[in-house]
Amino acid sequence: MEPRNQTAVSEFLLLGLTDDPALQPLIFTLFLSVYLVTILGNLLIILAVNSDPHLHTPMYFFLYSLSFNDICFSTSTIPKMLLNIQTQDQSITYTGCLSQVCFVIIFAVLENFLLAVMAYDRYVAICHPLSYTTIMNLCLCILLVLTSLSISTVEALFDTLMILRLSFCTALEIPTLFCDLPQIIKLACSDTLIDNILIYVETCIFAGLPLSGIIFSYIHIVSSILRIPSSEGKHKAFSTCGSHLSVVSLFYGTAFGVYINSAVTDSPGKTAVASVMYTVVPPMLNPFIYSLRNRDMKEAVRKLISRITSLL
């Protein structure tokens, strides 16, 4: 099979979940519903944080940033999925695929760092409560978010440049619903050993380090909570971390599931489902986790909905 240079590649084919035409309307309805729920849920969190002065704290500033990132994360993949299903056209242009890879990596890596920053916020709040307002000032909060965004953008641009140097064969079918970096590298005819090594190194750094920071923070958090004499104080301290721990478990659980799936199976269908679980499910469920498990957020959302319905 003769390789052809990337300059000759005009498009890739996104194979999706199934070729069965009868299932396409169901899949379209499912993803449209998921996307609308994701947008509305996260938008509700953003508006609630904006409208309630009691939520103008570092914890909710990071939650605000996480919700905005989740909207962008979903928007980087789902609209193109819906368009392809609706038009029954599986193609995506070479430039469009590179752009999608870049944005997916930006928002996925940023999610990692935001979860780590939120863990650090809880660590300072519980382990150093008297210094919390001094340490977690507005300038530091903004700096942490901007630094996370900068690191994510640099990594995404590096990975996009890595794809540009690859040569591709005639088979340009991606067995997922969106352009996934590992799947694109598998299509290359040129030597990809260095590319695969770089991906593993990046994963260890940009996923491993934030996860290590989260684990480190919660080791100290649990240690501090166990030293609280009253059971009521322990429960109150644990309750401030419950939502974040649930979101962390969901995000890293689905990511770990994708990694295990790609390692043990070559089934295109299972690969597509695993990738969708990682990119679609966490952004959709995060608002529900925070609004249902966090009393202050639940109250702010209730007030916001009441205010909106009174205007209608």
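Note that the structure is predicted; figures quoted are calculated from it, not measured.
- Residues satisfying the side chain to side chain contact (heavy atoms under 4.5 Å, CB included) test with R227, not counting sequence neighbours, are S223, S224.
- Other residues, nucleotides and ligands place more than 12 heavy atoms under 6.0 Å from the OH atom of Y252.
- For D195, the side chain to side chain contact (heavy atoms under 4.5 Å, CB included) criterion is met by M162, R165, L166, I185, T192, not counting sequence neighbours.
- Looking at heavy atoms from C-beta onward, Q88 lies out of side-chain contact with Q24 at the 4.5 angstrom threshold.
- To the nearest 0.5 Å, atom CG of residue N42 and atom CZ of residue F288 are 9.0 Å apart.
- The structure places CZ of F62 at 7.0 Å from OG of S65, a figure rounded to the nearest 0.5 Å.
- Scanning for side chain to side chain contact (heavy atoms under 4.5 Å, CB included) contacts around S243 gives I289, Y290, R293, N294, with sequence neighbours left out.
- Looking at heavy atoms from C-beta onward, T254 lies in side-chain contact with P282 at the 4.5 angstrom threshold.
- Atom CZ of F103 has 12 or fewer neighbouring heavy atoms from other residues, nucleotides or ligands inside a 6.0 Å radius.
- Other residues, nucleotides and ligands place more than 12 heavy atoms under 6.0 Å from the CG atom of L226.
- Nearest approach of D52 to A300, heavy atoms of both residues: OD2-CB, 3.6 Å.
- Residues P129 and C127 share a closest heavy-atom pair of CD-C, 3.4 Å.
- Annotation: salt bridge (charged side-chain N to carboxylate O under 4.0 Å, His left out) contacts involving residues 111-133, sequence neighbours excluded, are absent.
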Checklist entry - How far apart are the C-alpha atoms of L304 and L44, what are their side-chain angles, what is the distance that settles it, and do they pass the side-chain contact (heavy atoms from CB on, under 4.5 Å) test? => result CA-CA 8 Å; L304 178 64; L44 205 59; 3.8 Å; yes
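- In this view, S99 satisfies the side-chain hydrogen bond (donor to acceptor under 3.5 Å, both in side chains) rule with no residue, not counting sequence neighbours.
- Taking both residues in full, the closest heavy atoms of A207 and N112 are given as CA-OD1, 3.9 Å, listed atom of the first, atom of the second, then distance.
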Checklist entry - Please walk me through it: do I184 and I163 pass side-chain contact (heavy atoms from CB on, under 4.5 Å)? => result CA-CA 8 Å; I184 294 175; I163 297 175; 4.1 Å; yes
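- At least one donor-acceptor pair closer than 3.5 Å links the side chain of S76 to the backbone N or O of F73.
- Sorted by first and then second residue, the side chain to side chain donor-acceptor pair (under 3.5 Å) pairs with a member in residues 25-35 read Y35-T75; sequence neighbours excluded.
- Under the ring-ring contact (aromatic ring centres under 6.0 Å, His included) criterion, the residue pairs touching residues 213-247 are Y123-H220, F216-H220, Y218-H244, with sequence neighbours excluded.
- Residue pairs meeting the side chain to side chain donor-acceptor pair (under 3.5 Å) criterion with at least one member in residues 299-312, sequence neighbours excluded: E299-R302.
- By the 4.5 Å heavy-atom criterion applied to side chains, M284 and S74 are not counted as neighbours.
- For the residue pair D70/N286, the side-chain donor-acceptor check at 3.5 Å is satisfied.
- A donor-acceptor pair is defined here as one N or O able to donate and one able to accept, closer than 3.5 Å; no such pair exists between the side chain of D180 and the backbone of T176.
- Nearest heavy atoms, M297 versus L55: CE-CD1, 4.0 Å.
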Item to check | K80 and F178: CA distance, side-chain angles, deciding distance, side-chain contact (heavy atoms from CB on, under 4.5 Å) verdict | outcome: CA-CA 8 Å; K80 181 57 180 175; F178 64 95; over 6 Å; no
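- The closest donor-acceptor contact from the side chain of Q90 to the backbone of N84 lies at 3.5 Å or more, if one exists at all.
- To the nearest 0.5 angstrom, I45 atom CD1 is 5.0 Å from S67 atom OG.
- Checked by atom type and distance alone, the side chain of S190 pairs as donor or acceptor with a backbone atom of S167 at under 3.5 Å.
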Next on the checklist: Evaluate L198 against F158 for side-chain contact (heavy atoms from CB on, under 4.5 Å), listing each step before the verdict.
Outcome noted: CA-CA 10 Å; L198 286 173; F158 177 80; 4.0 Å; yes
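- Contact record, A116 with I214: CA-CG1, 3.6 Å, taken as the closest heavy-atom pair.
- At least one side-chain heavy atom of L164 sits under 4.5 Å from a side-chain heavy atom of L98.
- Applying the disulfide (SG to SG under 2.5 Å) test to residues at least two apart or on different chains, the pairs with a partner in residues 38-105 are C97-C179.
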Just list the side-chain donor-acceptor pairs under 3.5 Å for residues 134-154, sequence neighbours left out, or say none.
{"from": "N137", "atom 1": "OD1", "to": "C139", "atom 2": "N", "distance (Å)": "3.2"}
{"from": "N137", "atom 1": "OD1", "to": "L140", "atom 2": "N", "distance (Å)": "2.9"}
{"from": "N137", "atom 1": "ND2", "to": "T134", "atom 2": "O", "distance (Å)": "3.1"}
{"from": "N137", "atom 1": "ND2", "to": "I135", "atom 2": "O", "distance (Å)": "3.3"}
{"from": "T147", "atom 1": "OG1", "to": "L143", "atom 2": "O", "distance (Å)": "2.7"}
{"from": "S148", "atom 1": "OG", "to": "L144", "atom 2": "O", "distance (Å)": "2.8"}
{"from": "S150", "atom 1": "OG", "to": "L146", "atom 2": "O", "distance (Å)": "2.8"}
{"from": "S152", "atom 1": "OG", "to": "L110", "atom 2": "N", "distance (Å)": "3.2"}
{"from": "S152", "atom 1": "OG", "to": "S148", "atom 2": "O", "distance (Å)": "2.7"}
{"from": "T153", "atom 1": "OG1", "to": "L149", "atom 2": "O", "distance (Å)": "2.8"}

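- Linking Ile, Leu, Val, Met, Phe, Trp and Tyr whenever their side-chain heavy atoms come within less than 4.5 Å puts V117 and I215 in one cluster.
- The two atoms that bring P283 and T38 nearest to each other are O-CG2, 3.7 Å, heavy atoms only.
- Judged by distance alone, the side chain of N69 and the main-chain N or O of F107 form a donor-acceptor pair under 3.5 Å.
- Residues I105 and E155 are in side-chain contact: their nearest non-hydrogen atoms beyond the backbone lie under 4.5 Å apart.
- Residue pairs meeting the ring-ring contact (aromatic ring centres under 6.0 Å, His included) criterion with at least one partner in residues 36-60, sequence neighbours excluded, are absent.
- T203 contributes atom OG1, which lies 11.5 Å from atom CG of L209 (distance to the nearest 0.5 angstrom).
- You'll find the side chain of L26 stays beyond 4.5 Å of the side chain of L30, heavy atoms only.
- Under the rule for a side chain to side chain contact (heavy atoms under 4.5 Å, CB included), the partners of L32 that lie at least two apart in sequence or sit in another chain are F28, L36, L82.
- Side chains of D159 and L181 form a contact here, defined as non-hydrogen atoms less than 4.5 Å apart.
- Side-chain contact between L172 and L13 is absent, with no heavy atoms from C-beta onward closer than 4.5 Å.
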